[in-house]
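What follows is a single structure, written as structure tokens, with notes after it.
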Amino acid sequence: MRTAIVRRTVMTASAVSLAVLATACGSDKADTKTDAKPSAPATSAAPAAKGMTDAELAKLLVTQADLADHTFKESTPAEAAAGATATSDKPECKVLVQTQAFVPAGAPSGTARTKAIATPKPAAGTSPEEAAKAIAGALGSTATTVTLASYEAKGAEEAFAAVKTASTKCSGGYAATQDGETTKITKVTPGAAVTGGDETLPLTVEVDADGEKLTTQLVLVRKGNTVATFSSLSLAGTAEQPKALVDAQVKKLG
């Protein structure tokens, strides 16, 4: 039985202050006063990053126009609400569980979500039988929920760090509960390398669903003060890392 999670799937910045000390030396013999020189003004700190709203993030979501070979579907508020109830038997793993359930870590200023699945099309001249097989095979394609979350100040770095820390602490497994159903996560390991953004965190999450081994993919990419999360699963049991989707989304974030 696949659970609801499978089915639906700080850095603390230090400010360095530079002070300019101006001194003047007077002659031992001269009875003159040293002119006072004003110190150079301290360098102003860069303004804190401003987070984006839901509407602003929605414009940055990857769409059908960006990936013609994918089918996109709007993520519903109900899915996000359900994900907010996700929890774990290990407190340190809760942030990881909720990230898998499309709920971003920390306190974002705005969020936006979409869902996508690769839709391979039969080649021209394909027989009806082969076309039917292609359609059946598509049912086992990897489905991915994309979540964008924007943060004020250093919120994005802190949220990313929280999930990264949890992925290490919870690598040996944990239990995830959502909508009254509990899933046993057997292990969390690094996934295939991902490029782009300022920070990346690719993870492979193995699930024991009533003795059946399932493999899901979780990828986080931070670009400035926005964190993009990709949570992937497959009805076939083994999800593939959604590289094309990740690349397209990261490119759209600029």
Side-chain angles (χ1 to χ4, degrees), residues 1-9 61-64 66-76 79-80 82-83 86 93 95-105 111-120 137-149 160 163-164 166-167 170-171 174 176 178 181 183-197 199-209 212-223 227-253:
M1 176 179 64
R2 292 171 173 77
T3 65
I5 291 176
V6 176
R7 287 194 300 262
R8 297 193 297 266
T9 42
L61 275 173
V62 64
T63 67
Q64 192 79 60
D66 303 304
L67 285 174
D69 60 350
H70 282 63
T71 297
F72 287 79
K73 184 178 180 181
E74 185 177 353
S75 181
T76 67
E79 290 172 326
C93 302
V95 66
L96 185 57
V97 172
Q98 292 198 326
T99 300
Q100 289 176 269
F102 329 135
V103 178
T111 56
R113 301 176 182 83
T114 190
K115 295 182 290 187
I117 184 170
T119 52
L139 296 177
S141 296
T142 295
T144 302
T145 295
V146 183
T147 303
L148 298 184
F160 185 94
V163 178
K164 185 175 183 179
S167 70
C170 305
S171 60
Y174 52 93
Q178 182 180 338
E181 297 185 57
T183 303
K184 181 181 179 181
I185 310 300
T186 55
K187 65 179 178 178
V188 179
T189 58
V194 173
T195 58
E199 293 183 281
T200 62
L201 179 65
L203 301 171
T204 296
V205 182
E206 290 190 7
V207 181
D208 180 353
E212 182 180 0
K213 177 183 175 181
L214 306 176
T215 301
T216 65
Q217 298 290 327
L218 184 65
V219 177
L220 274 72
V221 179
R222 182 183 67 80
K223 178 68 175 180
V227 177
T229 302
F230 308 82
S231 184
S232 305
L233 59 88
S234 172
L235 293 178
T238 301
E240 298 178 352
Q241 188 185 84
K243 186 178 185 305
L245 194 58
V246 172
D247 290 345
Q249 181 60 81
V250 173
K251 180 179 180 181
K252 204 159 184 179
L253 290 177

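We use all heavy atoms of the structure for the numbers below, so side chains are in, but hydrogens, waters and symmetry mates are not.
With rounding to the nearest 0.5 Å, the separation of NZ in K73 from OG1 in T114 is 11.0 Å. Put simply, SG on C170 and NZ on K187 are 15.5 Å apart, with the number rounded to the nearest 0.5 Å. The CZ atom of R113 lies 11.5 Å from the CD atom of E74; values are rounded to the nearest 0.5 Å. Distance check, rounded to the nearest 0.5 Å: CD of E206 to CG of L214 gives 10.0 Å. The line from CD of E199 to CZ of F160 is 4.5 Å long, rounded to the nearest 0.5 Å. Note: D69 CG to Q64 CD = 8.5 Å, rounded to the nearest 0.5 Å.
Looking at T142 and T238, their side chains never come closer than 4.5 Å, going by heavy atoms from C-beta outward. At a threshold of 4.5 Å between non-hydrogen side-chain atoms, the residues L218 and T99 count as touching. Contact of the L220 side chain with the V227 side chain is registered, since non-hydrogen atoms from C-beta on lie closer than 4.5 Å. In this structure the side chain of T200 never reaches within 4.5 angstrom of the side chain of V219, judged on heavy atoms. Residues T216 and Q100 are in side-chain contact: their nearest non-hydrogen atoms beyond the backbone lie under 4.5 Å apart. Within the 4.5 Å cutoff, the side chain of L67 has heavy atoms near those of the L245 side chain. Side-chain contact between Q241 and P202: present, with at least one pair of heavy atoms (C-beta onward) separated by less than 4.5 Å. Here the side chains of Y174 and V188 are in contact, with some heavy-atom distance below 4.5 Å.
Pairing each heavy atom of T204 with each of G191, the nearest pair is OG1-CA, 3.6 Å. Q178 and A86 get closest at one heavy-atom pair: OE1-CB, 4.0 Å. The shortest non-hydrogen separation linking S167 to L96 is CA-CD2, 4.1 Å. The two residues V103 and A80 make their nearest non-hydrogen contact at CG2-O, 3.8 Å. Across A116 and H70, no two heavy atoms sit closer than the pair CB-CD2, 4.4 Å. V221 approaches G196 most closely through the heavy-atom pair CG1-O, 3.9 Å.
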Verdict with reasoning, K213 to D208, per side-chain contact (heavy atoms from CB on, under 4.5 Å):
CA-CA 5 Å; K213 177 183 175 181; D208 180 353; over 6 Å; no
Check the pair T215, V205 against side-chain contact (heavy atoms from CB on, under 4.5 Å), reporting the backbone distance first and the verdict last.
CA-CA 6 Å; T215 301; V205 182; over 6 Å; no
Under the side-chain contact (heavy atoms from CB on, under 4.5 Å) rule, what do T119 and S141 come out as? Steps first, then yes or no, please.
CA-CA 8 Å; T119 52; S141 296; over 6 Å; no
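Checked by atom type and distance alone, the side chain of T144 never pairs as donor or acceptor with a backbone atom of S231 at under 3.5 Å.
Side-chain contact, T147 with T229: no donor N or O sits under 3.5 Å from an acceptor N or O.
Among K251, Q249, K252, the one residue that satisfies the side-chain contact (heavy atoms from CB on, under 4.5 Å) test with D66 is K252.
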